[in-house]
Every structure is written in C-alpha cells, then in structure tokens.
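Have a look at the structure below, then the notes.
The chain is numbered in sequence order, starting from 1.
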Amino acid sequence: MTESLEPDRLTAWRAYIEASQRLFTHLEEDLRVASELSFADYHVLVLLSEAPGQRLRMGELASRLVFSPSRLTYQISSMQKRGLVAKEACPADRRGSEAVLTATGLLTLREAAPHHLASVRNRLMDDLDDTEVACLTRIFERLGRRLRAERDASTLTSDSQGV
C-alpha cells in the first residue's frame, strides 16, 4: 500500500516538478544555442574533464550518467562524429573500452561552461516565481541535511574501522 502525500506536500512537489521541467527546457535551449551541446553532451564532457587522464571506462561513465549501455553507446558515437570524444580500448581490461576527452571536446566545454553557468543564474532568477524558489529552497535544504548526515555517518564508520 502506498502512502498519499499531504495536500501541501503534494502541491510543493507539483510546483517543483513543473518548475524543474520548465527550467530544464530553457537551460537545454540556451546550451544548444550557445554551444550546440545537449545536456547529455555537456555532462559527458564535464565527467571526462574531471576524470584522471580525462578518460573513463564506459561502465563507470554509464553509472555516473545513469544511462543504459545502449544509450551511452549512441551518445558516445554521436560525440565521436563531432570530434568531442574518442573511444579507445581499455588497457586495464582488454574486453572493455574507455571514453577519452579530445582537445576539441575540452575546448568546447571551456567555451560552453561560462554561457551555461550564466544561463543557470539568469533562468533561476527570471523563470521561477517566489513560491517556486521557496519550494526548491526547502527541498534542497532537506536534501543537503540528509546528504551531510549520511556523509558524516559514513565518515564515522570508516574512522572507527580504521582505528
């Protein structure tokens, strides 16, 4: 049996979902205009830029993106055609492969990042009303508290095991 949400919580979640969808649509459009990148492209480039040697095994990349293997294969193939990434054999696993950030991909990311950050700031200010901002603020504050508590609990557990 599922629990139903209280009316005010349900209203808050609807507002969050609607605001998120509207915001995502506008941010995606802004990113495409500024750099011809989709959010998926941008996310792949960011993850590769932060990875050691600017390369990640395909399985690791898929898990970080929450992509199915077939969706990731399509995404990487599309990005390869534009020269943003390369796909190479994985030295650690002969059967596996890695996505590698190319110089073009890094340059594209560097050019897109400031436009994307400006778009996020502008869209958050322009597209959300006060009620939506308050709703998002409450949700992210709760999420932040939960994540900090989980991090602190895991730190305590790992510290006690290391002693």
Looking only at non-hydrogen atoms, find the nearest pair between [X] and [Y] and report the distance.
| X | Y | value |
| --- | --- | --- |
| R82 | E36 | NH1-O, 3.6 Å |
| D30 | S119 | OD2-OG, 2.6 Å |
| Y42 | A113 | OH-CA, 3.4 Å |
| A51 | L56 | CB-CG, 3.6 Å |
| S49 | L106 | CB-CD1, 4.4 Å |
| V85 | I76 | CG2-O, 3.9 Å |

Quiz item: If you draw a 6.0 Å radius around CZ in R146, do more than 12 non-hydrogen atoms from other residues or ligands fall strictly inside?
Solution: no
Quiz item: Got a sec: does the CZ of R110 have more than 12 other heavy atoms crowding it under 6.0 Å?
Solution: no
Side chains of [X] and [Y] in contact at under 4.5 Å (non-hydrogen atoms):
| X | Y | answer |
| --- | --- | --- |
| R57 | S97 | no |
| S38 | E28 | yes |
| D41 | M79 | yes |
| L107 | E111 | yes |
| F39 | H116 | yes |

Quiz item: Distance under 6.0 Å and angle within 45° of the ring axis: does R71 meet both against F67?
Solution: yes
Quiz item: Salt bridge check: are E18 and R22 linked by an N-O gap of less than 4.0 Å?
Solution: no
Self-check item: Test: E98 and R55 ion pair at under 4.0 Å
Solution: yes
Could you give the distance from [atom1] ([X]) to [atom2] ([Y]), rounded to the nearest 0.5 Å?
| X | Y | atom1 | atom2 | value |
| --- | --- | --- | --- | --- |
| R123 | L27 | CZ | CG | 7.0 Å |
| M58 | K87 | CE | NZ | 4.5 Å |
| R64 | E50 | CZ | CD | 8.0 Å |

Practice problem: Ignoring hydrogens and angles, tell me if any N or O in the side chain of T108 forms a donor-acceptor pair with the backbone of T104 under 3.5 Å. | Solution: yes
Exercise. State whether the side chain of S35 and the backbone N or O of R32 hold a donor-acceptor pair below 3.5 Å, judged by distance alone.
Key: no
Spell out, yes or no, whether [X] and [Y] are grouped together once hydrophobic residues are joined by side-chain heavy atoms under 4.5 Å, including indirect joins.
| X | Y | result |
| --- | --- | --- |
| V100 | L72 | no |
| F24 | L37 | yes |
| L31 | L117 | no |
| L109 | V33 | no |

